[in-house]
Amino acid sequence: MTLDKHTIQGLPAFTTTTLSKSEFSERMINAEYYEVGTAPAQGGRIKVWWSHNSYPRVESIYSPDKNIVLTAYHV
């Protein structure tokens, strides 16, 4: 739960350690990122990749129920 430890280009800095899926998705879409894939992650969590036409790809990690974003970072 380190969302506030990372900076995503095109988005204001996160001030919380986690975000709801809907709020995170809204921020990403407003910054013109789009979801490009998902995969299982460690501990039953879910990885979601986001792409952008100008910025590096972002990997985000969601809770097992995919309702909470735990962290996100450029890869």
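All residue numbers in this chain count up from 1 along the given sequence.
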* **Shortest non-hydrogen separation from P56 to Q9 and the atoms involved** => CD-OE1, 3.6 Å
* Asked: From S60 OG over to R45 CZ, what is the distance, rounded to the nearest 0.5 angstrom?
  -> 13.0 Å
* Asked: Linking I/L/V/M/F/W/Y whenever their side-chain heavy atoms sit closer than 4.5 Å, directly or via other members, would L19 and I29 fall into one cluster?
  -> yes
* To do: Measure the NZ-CG distance between K21 and D65 for me, rounded to the nearest 0.5 Å.
  => 9.5 Å
* Asked: Just how far is it from atom OG of S63 to atom CG of L70, taken to the nearest 0.5 Å?
  -> 5.5 Å
* Any idea how Y33 and H74 line up, ring-wise: parallel (<30°), tilted (30 to 60°), or perpendicular (>60°)? -> tilted
* **Side-chain heavy-atom pair K66, V48 within 4.5 angstrom cut-off** => yes
* Asked: With a 3.5 Å cut-off and no angle check, do the side chains of E59 and W49 form a donor-acceptor pair?
  -> yes
* Hey, any chance I61 and V75 share a hydrophobic cluster, counting ILVMFWY side chains that come within less than 4.5 Å of each other, even indirectly? -> yes
* Asked: Just wondering, are more than 12 heavy atoms of other shown residues or ligands nearer than 6.0 Å to CD in E35?
  -> yes
* State, with a plain yes or no, whether a side-chain heavy atom of K47 is found less than 4.5 Å away from one of T38. => no
* Are L11 and Y73 connected in a single hydrophobic cluster, I mean Ile/Leu/Val/Met/Phe/Trp/Tyr linked by side-chain heavy atoms less than 4.5 Å apart? -> no
* Taking all non-hydrogen atoms of both residues, which atom of P64 and which atom of G43 are closest, and how far apart? -> CG-O, 4.1 Å
* Taking all atoms of both residues into account, what is the closest heavy-atom pair of L3 and F14, and its distance? -> O-CD1, 3.6 Å
* To do: Over 60° means perpendicular and under 30° means parallel, so classify the ring planes of F24 and Y62, tilted if in between.
  => perpendicular
* Any chain of hydrophobic side-chain contacts (each under 4.5 Å) joining I68 to M28? -> no
* **Within-4.5 Å side-chain heavy-atom neighbours: S25 and W50** => yes
* Nearest 0.5 Å please: distance from the OG1 atom of T15 over to the CG atom of D4. => 8.0 Å
